[in-house]
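Right, one structure below, let's go through it.
Numbers restart at 1 for each chain; the letters A, B, ... are given by sequence-line order, proteins then strands.
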Amino acid sequence: MKPDIRRTWPLHLMLLPALAGLIVFNYVPLGGIVMAFMDYKPWLGFDGSPWIGFGHFRALFEREDSLQVIWNTLVISVFKIIFNLLVPFGFAILLNEVRIRLLTRTIQTMVYLPHFLSWVILGGILVNFLSTDGGFVNRVLGAIGIGPIPFLMHGDWFRFTVIVSDVWKEFGYGTIVFLAALANIDPSLYEAAEVDGAGRWKQTLHITIPSLLPMAIVVGTLSLGNILNAGFDQIFNLYNGMVMNKGDIIDTFVYRTAILEGNFGFATAVGLFKSVVSMVLIVCAYRLAYKYANYRVF
Amino acid sequence: MRRGMRKWWSAALVLALAAMLVSACGGSKNGGSSDGGGTQSPATSSSSGSNSGSEAGSSDGSRPTDSPYRDKYDPPVTITTVWGIDPALTFKNGETIENNVATRWALETLGIRIETLWSVTDTNNAFVTKMRLMMASGQQMPDVVTVGDEQLAHDLIDSGLFREVGTLFDAYANEKWKQAMALDPHVWDPYIRNGQRMGIPVLDYAYNHDYLLWIRQDWMDKLGLEAPKTLDDLEKVMEAFKYNNPDGLSPDQVIPLSIGFKNTFNTWMGDPSWVFGAFGTIPEQWNLTSEGTLEWGSIHPGAKQALETLKRWRDKGYIPAEAALWDENKTAEPAVAGVAGIIPGPYWMSGWPLQDTAKNVPHAVWKPYPIPAGPDGKAGRHGTRFTNGVTLISKDAKHPEALFTYQNYLFEHLADPEPGSQWDIGVFKGYDYDLDENGNPVYGDDIPGGAVNINRYWLVRDGARIPDAQMKALLRLADGKEPETRLEKELKNNYGPETPLAAKVLLSQPDISYIDMFSGPPTPTMKERLDYLKKIELQTFSEIIYGQRSIDEFDRFVENWKSSGGDQMTKEVNEWFEQTKVK
Amino acid sequence: MYHKTLSWRVFNVFNIAFLSVLAVICVIPLVHVLAVSLSAKSAADANLVGLWPVDFSLEAYKATINNKYFLGSLWISVMRTALGTALILLVTVLAAYPLSKEPREFRGRSVYAWLFVFTLIFNGGLVPFYILILKLGLMNKFAVLIIPAMVNVWLIVLMMNFFRGVPRALEEAAFIDGASHWDVLFRIYLPLSLPALATLGLFAGVWHWNSWFDGLLYLSRKEDYPLATYLQTVIVSRDMSSMNFTIEEMQLLSQKTINAAQIFIGALPVLIVYPFLQRYFIKGLVLGSVKE
């Protein structure tokens with residue numbers, strides 16, 4: 001099988017629709033990135049707005065709280081990325097062990113429901129649920145002699161709450177990918193293992209987990225693109241004066257200082273900064289996966 | 001062979017897909033530009049050359065006869081506009097914002113054709129976003145646009161796409177409108193550039209968001225309490241509500257005073273700023289000092305005392321344990337549930353949301369009371385400006401004077417006409433009123449097909465409002481007068497039962513409202529520093545109230561605020577202020 | 001066999017109990033929202049509703065559905081989701097197949113791959129995109145809802161990785177028989193990838209069904225709105241800290257019950273479709289049937 005053009009031209013052709021869409025809807029508008037270096041005024045446009053070099057980037061880093069905000073973002077998003085990978089992974093495996101099909105399906109449907117609630121709604125529910133003043137969680141904790149815990153009014157607890165509630169909201173949806181990957185495993189592998197006398201635990205360890213790993217690597221690598229997105233909607237709906245210090249993230253900061261003001265230039269600059277960081281991380285992850293797992297993510 | 005066929009078939013499919021993409025995109029070249037009524041509308045030119053007609057003598061005799069102004073245009077002229085439609089706005093009879101009873105009225109009565117370039121349901125800031133994108137993509141601006149968002153208004157003015165309007169206003173606005181505008185000469189301030197008035201302020205009713213205290217009258221009666229005149233009185237009332245609750249609620253169930261400060265200490269419902277007012281300042285706005293300069297209210301020494309007071313109230317359980325998490329709507333919850341004793345809010349709160357309290361606790365009665373005074377006898381609340389937006393006129397508008405034809409009519413007939421005017425019982429039959437078989441007017445749900453809020457169909461938001469008219473009408477109603485004028489009837493029909501009384505209470509303290517005195521475009525330091533300063537302020541104030549910082553941290557906050565750009569910002573704000581005074 | 005052992009039984013009991021508790025925790029908020037949507041406004045505004053409706057009322061649903069735009073927007077959403085998802089799946093499958101080849105089989109593959117991944121991370125933002133849509137003449141057209149969304153790199157990467165799980169031996173045998181790439185893709189890869197297709201279809205469908213901002217921005221007439229956009233305009237996402245509103249609006253707008261009903265109306269179709277897609281996730285079904 002030589003990779004000559006006669007054999008591969010259908011492959012190029014197959015890529016054509018996606019590529020055309022990509023060029024028109026992604027690469028053409030990419031020119032807008034120049035805004036990051038402009039004091040962009042809508043009425044002056046790209047031709048007329050003055051260039052300001054790295055002014056927006058300077059503004060991003062010059063505030064007293066810049067580093068704190070970036071740090072908050074990183075802490076929250078790193079934990080979210082880790083747990084939003086591990087929890088669905090583990091959940092899929094555990095669910096796979098349930099032999100009662102109806103139960104499997106019911107549980108699966110139930111855990112995927114929270115994905116469909118917006119943070120505006122969930123924010124209100126969480127405030128009630130986690131209240132130190134008669135909220136359900138604190139009443140339960142109080143019954144066993146703990147608390148009350150200020151889940152939303154103390155910086156460290158706030159981060160904890162934000163991470164846990166996000167994982168809770170999304171893990172069911174994230175599980176779907178792994179369930180599909182599980183369905184792709186060749187059942188004859190298990191049959192063979194059983195013949196060899198391997199127990200359930202061994203089958204999981206030597207067949208299920210290795211089969212899911214590629215998908216985990218892919219999902220994990222792609223989620224690095226969110227390394228500086230800690231979840232705008234969620235935090236915007238939950239943060240308050242008591243947790244500003246540890247809860248303010250890049251996106252809420254940009255919203256207050258740029259989006260509301262119509263400052264497209266600054267918003268673009270921050271977006272570019274986030275993209276560059278993500279790109280570096282994704283390239284690193286790609287290299288590592290290729291080097292150590294011999295797996296090509298893209 | 002067969003396989004070859006399939007291969008070609010598949011390839012053709014892919015090509016078709018790509019072609020579809022190209023064609024979908026290419027359809028544009030000739031005229032598909034759909035936002036487009038605007039870019040290529042030929043209609044605007046309808047009548048520019050035909051103004052030499054005989055009807056030049058308009059209502060205002062002093063106007064020169066060669067003026068383009070008409071009371072009615074014949075042939076009709078066109079005004080283009082764009083709309084941010086309120087999500088709550090409803091239409092009937094298959095009408096739309098583009099074509100409805102009000103646009104037909106304008107064409108028939110005034111000879112003005114309202115042409116819509118685009119409209120967007122204004123949710124999630126869609127109108128502001130779309131206006132900005134319209135600018136960015138170089139689309140033709142509408143002849144007339146009314147904007148509520150201050151930042152967008154400043155941007156549009158600075159874009160140079162809109163014309164000076166002050167001279168037009170002086171030339172064409174009628175007396176009623178001019179008088180209404182003159183009630184507060186500061187309304188023009190935000191829109192003045194180099195001495196020129198670049199936008200017409202949209203007048204709104206005064207005091208709309210000045211608040212007072214709503215107190216559970218039934219609780220006070222049962223406890224034999226007098227209305228609180230001072231903060232000390234108030235504390236006694238709150239203590240009695242909590243520990244001696246007439247409804248038998250246990251102390252931990254009662255929220256004596258429902259306030260919140262999730263995002264700000266200066267808002268409109270469940271607002272804590274009057275506690276600061278009792279010590280001579282209102283936080284998070286620019287107040288006028290006794291020296292005649294402007295000062296950021298949060299760094300005033302009175303703020304420290306207010307924070308001490310709030311901290312004490314929180315420690316005693318008078319305010320919600322999680323007030324720092326509560327926004328405006330949340331503070332209304334315990335009030336409606338019947339477990340809150342006091343909630344600060346606007347005079348119209350008996351219509352919403354408090355009228356629902358009786359559904360949960362039938363014997364609950366809310367009554368409005370004045371803002372209590374502090375130890376030195378001071379009282380204060382934040383005040384509301386008389387405007388809620390600005391109307392801009394495009395440089396390219398062919399008939400800028402037609403806007404005045406339109407608005408003059410509304411100020412004459414809609415704003416606050418004498419009894420016996422043409423719109424006395426309602427404006428459009430079948431829309432905001434109807435007549436029953438006996439010829440008596442009916443309103444609301446009694447109208448076949450239901451009522452619609454036609455005041456949002458006008459070219460300018462809310463049509464025409466005279467700032468003091470509503471309060472005057474409410475005071476007349478409060479004195480027991482039967483509604484006669486259009487406005488009085490509207491108030492009677494649409495507002496809550498306690499609203500006239502609340503208006504009277506509100507106006508019993510006419511001098512305690514602190515209006516934010518800065519209304520100019522953001523200063524350079526403000527753009528860079530204000531968000532950070534507000535952030536440390538919110539954090540410091542919240543933490544002081546919750547005892548996580550000592551009260552003395554307030555002094556450090558003030559130092560920090562001043563050195564982190566606050567002083568510079570104050571300087572710039574006062575420069576702006578000086579300049580408005582010169583005028 | 002292993003599932004007869006005591007340790008497995010103990011594990012099984014704990015596992016089922018644990019997963020069930022987790023599932024219940026996930027459902028509680030939704031039950032609460034459902035209860036709010038079926039309660040009277042006064043009770044909802046007072047935060048008195050727990051997991052059961054207070055003063056049962058269907059007003060919120062009536063208010064949302066008894067609107068001349070509702071049925072139309074529902075139809076547009078169905079069309080959008082059906083056509084949009086089909087288009088995404090087609091483009092995704094076509095792109096994922098070549099990309100799933102090894103570089104030695106398909107020269108230039110890596111260049112393509114990075115071209116795709118790059119756009120996953122970098123984007124030009126709203127302004128240039130809006131200008132593009134305007135220039136392309138897509139403004140106010142139904143196509144604006146599906147054409148720009150047809151390439152979803154995230155899904156392509158996912159599909160590509162599923163394709164890699166297809167045993168190589170099958171395709172090599174087919175090539176030896178003289179099959180073309182088209183045959184291999186449509187006759188070997190696709191039938192083996194039903195779980196993947198179901199997954200991707202679900203993701204793409206949910207995305208299309210829930211998207212509302214594009215409708216708001218690129219469509220001017222309310223008649224053209226898809227359901228998600230229409231629902232956004234029935235309520236309420238109003239910045240409560242601004243002071244530009246009046247009592248009339250507050251009476252209409254501040255309806256938690258409508259807000260809650262809206263979530264249900266919006267999510268219901270997705271919830272109904274999901275169990276039908278689920279059968280494709282069931283282990284072994286697909287491979288087992290193809291293997292014979």
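Side-chain atoms of A:P214 and C:N161, non-hydrogen and from C-beta on, never get closer than 4.5 Å to each other. The shortest side-chain heavy-atom distance between C:L136 and A:V24 falls under the 4.5 Å cut-off. Annotation: side chain of A:K169 is not in contact with side chain of C:C26 (no heavy-atom distance under 4.5 Å). Side-chain contact between A:L22 and C:V153: present, with at least one pair of heavy atoms (C-beta onward) separated by less than 4.5 Å. Between C:R109 and A:R296, the closest side-chain pair of non-hydrogen atoms falls below 4.5 Å. Side-chain contact between A:L15 and C:L99 is present, with at least one heavy-atom pair separated by less than 4.5 Å. Using a 4.5 Å cut-off on side-chain heavy atoms (C-beta onward), A:F25 and C:I133 make contact.
Both the backbone and the side chain of C:F203 have a heavy atom closer than 4.5 Å to some heavy atom of chain A. Within the 4.5 angstrom heavy-atom criterion, only side-chain atoms of C:I131, from C-beta onward, approach chain A. Proximity to chain A is limited to the side chain of C:Y97, based on heavy atoms less than 4.5 angstrom apart. C:V270 touches chain A through backbone and side chain together, each having a heavy atom under 4.5 Å away. Heavy atoms closer than 4.5 Å to chain C are found nowhere in A:L126, neither backbone nor side chain. Of the atoms belonging to C:L19, heavy atoms from both backbone and side chain fall under 4.5 Å from chain A. Of the atoms belonging to A:V34, not a single heavy atom falls under 4.5 Å from chain C. Interface residue A:N128: only side-chain heavy atoms are found under 4.5 Å from chain C. At a 4.5 Å heavy-atom cutoff, C:N152 makes no contact with chain A through either its backbone or its side chain. Residue C:L132 touches chain A through its side chain alone, counting heavy-atom pairs closer than 4.5 Å.
In this structure, A:F129 has its ring center no closer than 6.0 Å to that of C:H32.
Minimum heavy-atom separation, C:A23 to A:V111: CA-CG1, 3.9 Å. The two residues A:E97 and C:N15 make their nearest non-hydrogen contact at CB-ND2, 3.7 Å. Nearest heavy-atom pair, C:L202 versus A:Y173, reported as atom, atom and distance to 0.1 Å: O-OH, 4.3 Å. Of all heavy-atom pairs spanning C:P98 and A:L11, the tightest one is CG-O, 3.5 Å. Contact between A:P17 and C:M150 at its shortest, heavy atoms only, is O-CE, 3.5 Å.
Listed options A:V98, A:L222, A:I23, A:L95 were ranked by heavy-atom pairs under 4.5 angstrom with chain C; first place goes to A:L222. Here A:P29 is the residue among A:P29, A:A181, A:P42 with the most heavy-atom pairs under 4.5 Å with chain C. Considering only heavy-atom pairs separated by less than 4.5 Å from chain A, the leading option among C:P29, C:S7, C:A113 is C:P29. In terms of heavy-atom pairs under 4.5 Å with chain A, the best-connected choice from C:I16, C:L115, C:V93 is C:L115. When each of C:N12, C:V206, C:N210 is scored by its heavy-atom pairs under 4.5 Å with chain A, the top score falls to C:V206. Counting heavy-atom pairs under 4.5 Å between each of A:V177, A:T104, A:V28 and chain C puts A:V177 at the top. No other option in A:F46, A:Y27, A:F264 has as many heavy-atom pairs under 4.5 Å with chain C as A:Y27.
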N/O donor to acceptor pairs below 3.5 angstrom from side-chain atoms of residues 117-126 of chain C, sequence neighbours left out:
unit_1 : atom_1 : unit_2 : atom_2 : d
C:T119 : OG1    : C:F116 : O      : 2.7
C:N123 : OD1    : C:G125 : N      : 3.0

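Interface with chain C: from residues 112-123 of chain A, residues A:Y112, A:L113, A:P114, A:H115, A:F116, A:L117, A:I121, A:L122 qualify, criterion being any non-hydrogen pair under 4.5 Å.
Atom-to-atom distance recorded for C:Q278:CD and A:L179:CG is 8.5 Å, nearest 0.5 angstrom. Distance check, rounded to the nearest 0.5 Å: CE of A:M14 to OH of C:Y112 gives 12.5 Å.
Every ring pair (Phe, Tyr, Trp, His ring centres under 6.0 Å) that C:W114 has, sequence neighbours left out, goes to A:Y286, A:F298. Listed by chain and number, the residues in a side chain to side chain contact (heavy atoms under 4.5 Å, CB included) with A:V164 are A:F160 (sequence neighbours excluded).
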Practice task
Take C:V166 and A:N184 through the side-chain contact (heavy atoms from CB on, under 4.5 Å) test and state the conclusion after the steps.
Solution key: CA-CA 9 Å; C:V166 174; A:N184 260 356; over 6 Å; no

Problem - Candidate pair C:L22 and A:M110, rule side-chain contact (heavy atoms from CB on, under 4.5 Å), full reasoning - result: CA-CA 9 Å; C:L22 216 54; A:M110 286 165 83; over 6 Å; no

Handout entry: Criterion side-chain contact (heavy atoms from CB on, under 4.5 Å) on A:I125 and C:V33, from CA distance to verdict
Key = CA-CA 9 Å; A:I125 295 175; C:V33 173; 3.9 Å; yes

Exercise for the section: Please assess C:F129 against A:N26 for the test side-chain contact (heavy atoms from CB on, under 4.5 Å), listing each intermediate value before the final yes or no. Expected result: CA-CA 8 Å; C:F129 196 77; A:N26 292 85; over 6 Å; no

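Taking the centre and axis of the six-membered ring of A:Y295, the NZ or CZ atom of C:R164 falls inside the cone set by 45° and 6.0 Å.
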